[in-house]
Amino acid sequence: MNKEVRVRFAPSPTGYLHIGGARTAIYNWLFAQKTGGKLILRIEDTDLERSTEESISGIMESLKWLGVVWDEGPYFQSHFIKEHQIAAQKLLDSGHAYKCFCTKEELEHKREKARKNKTSFKYDGACRNLTFEDIAKKVKAQIPYTIRLKVPLKQGSVVFKDIVYGAIERKYEDIEDFVIVRSNGRPLYILSNAVDDTRDRISHVIRGQDGLINTPKQILIYKALDSPVPEFAHMPLTLDSKKAKISKRKHGESVAVHFYKDHGFFPWAFVNFMVLLGWSTSDSRQIFSREELIEAFSLEGINRSNSIFNIRKDDPKFFTDPKAISINEHYLRNLPLEKIEPYIKEELKKTKIWNPAFEGEKHNWFLDTVDLIRSRYHVFTDFGTLGRAYFSEDYPVDPKPLKKNILKHEELKVWFPILADRMEAIEVFTIEETEKVIRNMAEEFGIKAGILINGTRTAVTGQAAGPGIFDILIAIGKNRAADRLRRAVKYFAA
RNA sequence: GUCCCCAUCGUCUAGCCUGGUCCAGGACACCGGCCUUUCACGCCGGCAGCAGGGGUUCAAAUCCCCUUGGGGACGCCA
């Protein structure tokens, strides 16, 4: 029982990696990490019409971004079709399978009839008992045939113990003789998958709950092939806020892993969020480091009910599940600066306001500034938008605070240049000194300091809110701040 | 229609296996307060849930049954 743990993630490359697939990959990876086992990446590309090269590289890129590293592969299922066919032949030879000459049309007709009568359709086994002569005759006549597995006719059931769902039982009589090889000779997923898992010596199959219903069929294949049956762990599905299965077609980009990369998520924060969708520890811990998560993870902690991924659209702050955002915020605020620095750098490069000096002579300033503003941001992209004024001279001014904090007070037209002069006159530009200047000026002119403070904030950062004004002034610097104050006068002209 | 699975705050969940410590705990979101001449962080507080009905039991969120609701699967897709 203490055999080597080998798990696999086996996506079909028909699009980008979406959160359902990502979660499956993460659980497999965690289990491998936890047990010292191996994770195998297998691309199930037997559906040649829908599989694309682009999708394969996209999936691998997303996995890498998440930090899900695999130990073997990628293997390609399409390379092993011969092997699957040999397995089918073996099943035929051993009497576990038979050739079925029923045509698609015949079957569709029977299915249609069943639908009309509101009864369930199950293949009736028409070809199961053909005589040798019949079969030989039909084969000779080149009538195409599929290969079906013989499901035991006797009373009884397939029973297995799912690590998550417990004992699962399915009666033989509820399982039809299912097709394992198409009439064009191409094996079906249900066969290929079992054969591949055997070859890859997979010890645990960890997959979505939608695979649960197939499991009894696959166990029948394993047994007929005399192969060891792996352990199974099915995990609940992730549904959308309308409780529908998440799909690329319906939800588009917002369920794609790369969407979160593009929207400024810290990859580990996203992993942390996703792992909590259907799994938890008994102390309901929320935040895990990589090491803590691997230590805490267990398949038994996976729960059995589906969870909802709360996608919100058209909400500027919560453009996705609020919990995902909040976990990202947590990391954004609490991680050591050098951990998040590369992500911010990438973001500033993307928005074309990156300056190599930020990691050179201005490095300390850069880190201090990031530290100053990060507590009010949600994702890395905010540094290139909301934080633009700190890193670039070219920044937008929000019209609302412009009106409220600047234009409303006509006298600022006069006061800004005076304040600019006084700022420049400060020898040692510190929080204490800037504060002194602003407060003294307010007193001298008989105005509320708030007017000067809020006006200055908007003039210097373009925004209504932000850090304390004196912190801002230090971060922006004496000359830049003075320049911006003088330039702000032009808002009154328009 | 048939089969399989599931059911605790709006959402993610703890508790359920091994009934009593649960007038149900945490997190997110939301609301209020403190801090702050802005906003956020932080801190403090609040709102909100055992789907319904039967049973078993001295005692049920926990065990059993039914109903309802939800999901999945019923392909020569993966």
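Below, chains carry the letters A, B, ... as their sequence lines are ordered, and counting in each starts from 1. All figures in this text were calculated on a predicted structure; none of them were measured in a lab. Keep in mind that the numbers below use all heavy atoms, side chains included, and drop hydrogens, waters and symmetry copies.
A/D210 has its CG atom 15 Å from the P atom of B/C6, to the nearest Å. The separation between A/Y75 atom OH and B/A78 atom C1' is 21 Å, rounded to whole Å. The CG atom of A/L191 sits 14 Å away from the C1' atom of B/A78 (whole-angstrom rounding). Atoms CD1 (A/I308) and P (B/G72) sit 12 Å apart, rounded to a whole Å. Rounded to whole Å, the distance from CG on A/N306 to P on B/U11 is 13 Å. A/I287 places its CD1 atom 18 Å from the P atom of B/C12, with the value rounded to the nearest Å. Remark: P of B/U2 and CZ of A/F178 are 23 Å apart, rounded to the nearest angstrom. Here B/C76 presents its P atom at 16 Å from CZ of A/F101, a figure rounded to the nearest Å.
Ring geometry, A/F309 versus A/F273: the interplanar angle falls from 30° to 60°, so the pair is classed tilted. The aromatic rings of A/F270 and A/Y260 sit parallel, their planes meeting at an angle under 30°, below the 60° perpendicular limit.
Atom P of B/G10 sits at a distance of 15 Å from the matching atom of B/A24, rounded to the whole Å. Using atom C1' as the reference point in both B/G70 and B/G32, the two lie 36 Å apart (nearest Å). Rounded to whole Å, the P atom of B/U2 lies 38 Å from the corresponding atom of B/G20.
Nucleotide B/C47 is shown with an anti base, its glycosidic torsion being more than 90° from 0.
Nucleic acid contact class of A/D283 (heavy atoms, under 4.0 Å, all strands): none. At a threshold of 4.0 angstrom between heavy atoms, the contacts of A/I168 are confined to the sugar-phosphate backbone, with no base atom among them. Using a 4.0 Å heavy-atom criterion, one finds that A/R111 contacts the sugar-phosphate atoms exclusively. Contacts of A/S326 with the nucleic acid, taken as non-hydrogen atoms under 4.0 Å apart, involve only primed sugar atoms and P, OP1 or OP2. Backbone-only engagement by A/E44 is indicated by non-hydrogen atom pairs under 4.0 Å involving sugar-phosphate atoms exclusively. Contact annotation for A/K104: base contact, defined as any heavy-atom pair under 4.0 Å involving a base atom. Within the nucleic acid shown, A/S51 has no heavy atom closer than 4.0 Å to any nucleic acid atom. Here A/K245 lies in heavy-atom contact (under 4.0 Å) with sugar-phosphate atoms only. Residue contacts for A/S375: at a heavy-atom cut-off of 4.0 Å it reaches a base atom on one of the strands shown. A/T146 comes within 4.0 angstrom of a nucleotide base, judged by non-hydrogen atoms across all strands. A/G468 comes within contact range of at least one nucleobase, with a heavy-atom separation under 4.0 Å. At a threshold of 4.0 angstrom between heavy atoms, the contacts of A/P11 with the nucleic acid are absent. Within the nucleic acid shown, A/R457 comes within 4.0 Å of at least one base atom, counting heavy atoms only.
For A/R23 and A/R148, each mapped to the nucleotide of RNA chain B holding its nearest heavy atom, the one lying further toward the 5' end belongs to A/R23. Along RNA chain B, the nucleotide closest to A/E329 and the one closest to A/E435 are compared, and the more 5′ of them pairs with A/E329.
Of the candidates B/C76, B/U11, B/A7, B/C76 carries the atom nearest the A/S183 side chain, counting heavy atoms from C-beta on. Ranking B/G75, B/G72, B/U38 by closeness to the A/F121 side chain, first place goes to B/G75. Counting only heavy atoms from C-beta on, A/I453 has its side chain closest to B/U37 among B/A78, B/U11, B/U37. The nucleotide whose nearest atom lies closest to any side-chain atom of A/N454 is, among B/C76, B/U11, B/U38, B/U38. Nearest nucleotide to the side chain of A/L212, out of B/C77, B/C5, B/G75: B/C5. Among B/A29, B/G72, B/A40, the nucleotide with an atom closest to any side-chain atom of A/I213 is B/G72.
Between the side chains of A/Q209 and A/H234, no donor N or O sits under 3.5 Å from an acceptor N or O.
If you check B/A40 for Watson-Crick or wobble pairing at under 3.5 angstrom, you find it has no partner at all. Checking B/C3 for Watson-Crick or G-U wobble geometry (two distances, each under 3.5 Å) identifies B/G72 as its partner. The pairing partner recorded for B/C50 is none, the criterion being a Watson-Crick or G-U wobble arrangement whose two distances lie under 3.5 angstrom. Summarising the base pairing, B/C58 is matched to B/G20 through a Watson-Crick or G-U wobble pair whose two defining distances lie under 3.5 Å.
Between A/R207 and B/A78 there is no side-chain polar atom (N or O) within less than 4.0 angstrom of OP1 or OP2. Regarding contacts with the backbone of B/U13, every side-chain N or O of A/R304 stays at 4.0 angstrom or more from both OP1 and OP2. Between A/T46 and the phosphate of B/A78, there is a side-chain N or O to OP1/OP2 separation shorter than 4.0 Å. Proximity of A/S280 to the phosphate of B/A14: a side-chain N or O atom is located under 4.0 Å from OP1 or OP2.
The base of B/C12 does not come close enough to the side chain of A/S307 for any donor and acceptor atom to sit less than 3.5 Å apart.
Just one residue in the list A/K150, A/R148, A/R128 forms a salt bridge (Lys or Arg N to Asp or Glu O under 4.0 Å) with A/D177, and that residue is A/R128.
The aromatic ring centres of A/Y390 and A/Y395 sit 6.0 Å or more apart. Two rings, from A/H263 and A/F259, have their centers less than 6.0 Å apart.
Using modelled atom types, one side-chain atom of A/R182 and one backbone atom of A/P187 make a donor-acceptor pair closer than 3.5 Å.
Smallest separation of non-hydrogen atoms from A/I340 and A/Y331: CG2-O, 4.4 Å.
A/R207 CZ to A/R8 CZ: the interatomic distance, rounded to the nearest 0.5 Å, is 6.0 Å.
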